[in-house]
Amino acid sequence: MVSFALVCFSIQESASAQTPDKYFNWGFRAGLNTLSTTSYETEYDGEPVPNDSYINKNGYLVNAFVRFNIKQSFLQPELAWNYYRQGVSFTLPVPNSENEFSSPIYADIASSVIRGNFLVGYNIVNNYPFLFSAYLGSSFSAKYNTKYSIRLSDDFEDKEFYLRSSGIAGFSIVIAKIYFDLRYEINLPDTDLDFYDISGFPDNYKGLKLKKNENIISFSCGLLF
């Protein structure tokens with residue numbers, strides 16, 4: 001009787017310590033993002049203007065994904081919605097004067113973006129219920145709505161589509177079904193903002209160009225099934 005109990009206990013322990021490998025997972029996550037501005041300067045009609053600055057702010061993201069497991073590696077397509085926020089300031093030349101500029105003008109910029117990501121990853125630690133993975137990938141995004149609030153009175157909304165691509169590097173941690181993700185995204189083309197290119201933008205800002213490069217840091221958590 002005692003021997004039978006020991007055998008049953010051993011089988012139960014073995015079953016709880018191992019889980020069958022899945023060939024397919026799916027999940028979702030939500031979290032925060034922030035733009036990581038690596039350079040920023042302003043120009044007016046091709047000439048630099050002084051007293052420019054920027055403030056990166058937290059935005060939001062939601063993401064759904066599937067994961068195809070190939071031994072220790074995996075492929076992970078994703079579909080995501082992101083909301084980015086940033087504050088910038090700049091000056092404008094004073095009309096009919098030389099080397100005179102306005103007081104700094106502050107603008108809030110908020111963008112809504114749909115993203116399609118494709119990741120290739122490797123499970124560094126795969127010991128159920130703990131999984132630690134690193135990955136690289138690429139992203140194609142479509143910015144479809146951007147709101148500008150300037151001087152607390154000039155509000156403008158740009159609903160044109162802007163397509164961009166970026167590279168992704170990051171890692172994820174899974175504990176049972178709880179999924180954590182930390183990643184850094186590098187924009188491959190520049191992210192300059194030329195007010196000449198925005199149809200219908202107020203004329204007094206035409207000629208202004210914000211030369212900037214923005215990468216993205218994000219953290220999120222969710223569930224992996």
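Just the heavy atoms: all of them, side chains too, but no hydrogens, waters or symmetry mates, feed the values below.
The number of heavy-atom neighbours closer than 6.0 Å to NZ of K143, taken from other residues, nucleotides and ligands shown, is above 12. Heavy-atom neighbours of K57 NZ from other residues, nucleotides or ligands within 6.0 Å: above the threshold of 12. For NZ of K159, the number of neighbouring non-hydrogen atoms (other residues, nucleotides, ligands) closer than 6.0 Å is 12 at most.
Between R115 and E185, at least one side-chain N (NZ, or NE/NH1/NH2) sits under 4.0 Å from a carboxylate O, which counts as a salt bridge.
Closest approach of L119 to G137, counting heavy atoms only: CD2-CA, 4.0 Å. Heavy-atom minimum distance, F74 versus A134: CZ-O, 4.4 Å.
A distance of 7.0 Å separates CG in N69 from CG in N123, rounded to the nearest 0.5 Å. If you take OG on S133 and CD1 on I124, they are separated by 7.0 Å, rounding to the nearest 0.5 Å.
By the 30° and 60° cut-offs, the orientation of the rings of Y205 relative to F90 is perpendicular.
With 3.5 Å as the limit, one finds no donor-acceptor pair spanning the side chains of D181 and S172. At a cut-off of 3.5 Å, with distance as the only test, no side-chain donor of D158 or Y148 sits close to an acceptor on the other residue. With no hydrogens or angles considered, no side-chain donor-acceptor pair links T34 and N56 at under 3.5 Å.
For F68 and F24, the ring centers sit closer than 6.0 Å to each other.
The hydrophobic clustering, which links ILVMFWY residues whose side-chain heavy atoms are closer than 4.5 Å, places F161 and F140 apart. Hydrophobic clustering places V49 together with L92 (ILVMFWY residues linked when any side-chain heavy atoms are closer than 4.5 Å, directly or through intermediates).
The main-chain N or O of T91 is never found under 3.5 Å from a side-chain atom of N51 such that the two would form a donor-acceptor pair.
Cation-pi geometry between R29 and Y179 is not met: the NZ or CZ atom fails to fall both under 6.0 Å from the ring centre and inside 45° of the normal.
Side chains of Y106 and D108 form a contact here, defined as non-hydrogen atoms less than 4.5 Å apart.
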